[in-house]
Structure formats: structure tokens, C-alpha cells
Amino acid sequence: MWDLRRELCEYGHKAAKLGLVIGTSGNLSVRKGDLVAVTPSGVALDRLNPEDCPILDMEGHPVEGDTRPSSETPMHLAIYASTDARALVHTHSVFATVVATTATELPPIHYNALLLGGAVRVAPYATYGTPELAEHVRAALAGKQAALLANHGGVTIGPTLEKAFEATRLLEWLCEVYVRALGVGTPTVLTDEQLAAVVERAFSPG
Ligand SMILES: [Zn+2]
């Protein structure tokens with residue numbers, strides 16, 4: 001599990017450097033088999049060391065490490081229990097949070113939204129760290145790689161931490177484009193036909 005803890009640090013540092021997280025806001029986890037390595041509670045991600053990251057079983061019991069796991073761990077575990085995700089990234093990045101405070105979904109106004117599953121749902125608000133929030137986020141993620149958390153931030157999942165992290169960067173970019181487009185006029189939402197044509201092109205030979 002040491003490699004996974006090192007990976008958590010690498011992407012934690014990266015998230016802080018890119019301004020996706022400020023201080024202790026935001027948490028990451030990665031799953032291997034029936035174990036989950038998660039970032040700790042109360043440690044700024046830019047100062048994270050591998051030994052700070054506790055290893056838990058799928059019920060959240062500590063297996064290794066004596067630091068307290070992130071307060072959002074129930075959300076991470078609920079999502080691992082109901083998807084085939086192997087990594088999760090949660091941030092309070094600016095544009096994702098802006099959209100999460102005002103919209104009921106992030107509509108697909110750019111075809112790259114397909115990489116996250118199309119429109120991104122906003123999970124209804126619930127207090128951080130609660131089973132209610134975990135349940136709302138789990139439901140909002142159905143069939144998607146990303147969800148927004150009302151008045152809170154964003155979550156992305158992936159088969160690897162690298163892919164979940166890239167999804168967080170894409171979610172933030174899509175939210176920024178949407179917010180800036182709203183400042184200029186009314187953004188046009190791509191139709192189902194237009195999105196289907198992108199999928200067809202992406203999968204066509206050559
Ligand atoms: Zn949070």
C-alpha cells in the first residue's frame with residue numbers, strides 16, 4: 001500500500017499547486033482490493049506525507065496508520081461500495097463550487113463533457129461527512145464520472161488516481177467555461193444527436 005500512499009501525496013500536492021484545493025479542503029482516496037488509502041483529516045494537502053495517509057478496510061476500520069481519516073471518508077466508502085471506481089478526488093475548487101451553488105446540473109455545452117458522462121448532476125445539500133451526503137453523491141454519480149455537491153464542491157471517480165484527478169481538472173474547466181459563457185450570453189447546450197455523433201466519431205475506425 002506504500003505506493004498508493006505515495007500516489008495520494010503526489011496528487012494531493014498537485015491539487016494544491018494547481019489551486020484546486022486550499023489548505024485542508026479537499027480529499028483523495030485510492031482503493032486496492034478491499035483496502036482504501038485516504039488522505040488524513042486536518043493536514044493541508046500541500047504538506048502531505050505518505051505516512052500521514054491511513055489505510056482502512058471497506059467499512060472504514062483502521063488497518064494501518066494512526067492518523068484520523070478525512071471527514072468525508074463515509075462518502076468515499078459509499079461510492080466504492082456501489083461503483084467499480086478505484087480512486088476518488090473531492091475538492092472545493094472555485095468554478096465547480098460556483099456552479100454547485102446555483103445550478104441543478106452542469107449541462108453539456110462542450111463535447112468533452114462526454115468524458116464525465118455528459119451532464120453533471122448536482123447532489124442535494126447535506127452536512128459534510130454525513131451518511132446523507134454520501135447517499136446523495138452516490139445517487140448523483142450513477143452512470144457518471146463526476147458529480148457536483150450543492151453549496152460544497154465536486155467529486156470525480158476513475159479507474160486510477162491519475163484518471164480521477166484528470167476528471168477533476170476537466171470538471172473544473174467545464175464549470176469555468178460554463179460560468180464565463182453565462183457572463184457573455186446564454187450558452188447553447190449540445191443536443192443528444194450532437195453528442196451521439198461525437199461518440200460515433202470517437203469510436204469509428206481511423
Ligand atoms: Zn468537502
Side-chain angles (χ1 to χ4, degrees), residues 5 7-31 36-48 52-54 56 60 67-83 85-106 116-117 120-142 144-158 161 163-176 178-179:
R5 290 160 130 182
E7 217 188 337
L8 279 183
C9 287
E10 183 191 327
Y11 284 98
H13 296 170
K14 219 181 249 190
K17 201 169 157 195
L18 291 170
L20 293 166
V21 302
I22 309 278
T24 60
S25 71
N27 36 77
L28 297 77
S29 69
V30 58
R31 174 182 177 180
V36 175
V38 65
T39 51
S41 175
V43 178
L45 289 187
D46 58 346
R47 286 181 214 149
L48 201 59
D52 297 332
C53 300
L56 312 172
T67 48
R68 206 150 47 91
S70 160
S71 55
E72 293 293 11
T73 300
M75 174 176 79
H76 291 243
L77 295 176
I79 292 164
Y80 288 129
S82 60
T83 68
R86 286 295 177 272
L88 187 151
V89 176
H90 165 55
T91 77
H92 302 169
S93 59
V94 175
F95 285 97
T97 306
V98 168
V99 175
T101 60
T102 59
T104 53
E105 68 167 27
L106 172 67
L116 302 180
V120 177
R121 300 184 193 100
V122 180
Y125 183 80
T127 309
Y128 82 93
T130 59
E132 289 76 20
L133 180 62
E135 175 49 31
H136 290 166
V137 177
R138 191 198 59 73
L141 271 173
K144 312 272 182 184
Q145 303 299 307
L148 294 167
L149 287 60
N151 303 85
H152 186 157
V155 160
T156 59
I157 55 175
L161 191 51
K163 291 231 161 78
F165 186 80
E166 284 311 311
T168 278
R169 293 188 67 189
L170 175 59
L171 177 64
E172 179 66 2
W173 181 81
L174 288 167
C175 286
E176 180 169 358
Y178 184 54
V179 168

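Note that ligands are numbered from 1 as they come in the structure, with each ligand's atoms numbered from 1 the same way. Source: prediction; values computed, not measured.
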Non-hydrogen atoms of His76 and Ser29 that approach each other most closely: ND1-OG, 2.7 Å

Stepwise salt bridge (charged side-chain N to carboxylate O under 4.0 Å, His left out) check, Glu135 with Arg138: CA-CA 5 Å; Glu135 175 49 31; Arg138 191 198 59 73; 2.8 Å; yes

Partner set under side-chain hydrogen bond (donor to acceptor under 3.5 Å, both in side chains) for Glu105, not counting sequence neighbours: none

Side chain to side chain donor-acceptor pair (under 3.5 Å): pairs with one or both residues in residues 85-103, sequence neighbours excluded: His90-His92, His90-His152, Thr91-Ser93, His92-His152, Ser93-Glu172

Below 3.5 Å, can you tabulate the donor-acceptor pairs from side chains in residues 10-21 to any protein atom, sequence neighbours excluded?
{"from": "His13", "atom 1": "NE2", "to": "Leu48", "atom 2": "O", "distance (Å)": "2.9"}

Neighbouring protein N, O or S atoms of the Zn ion (ligand 1) [cut-off: under 2.8 Å, no waters]: His90 NE2, His92 NE2, His152 NE2

Leu170 atom CG: more than 12 heavy-atom contacts under 6.0 Å: yes

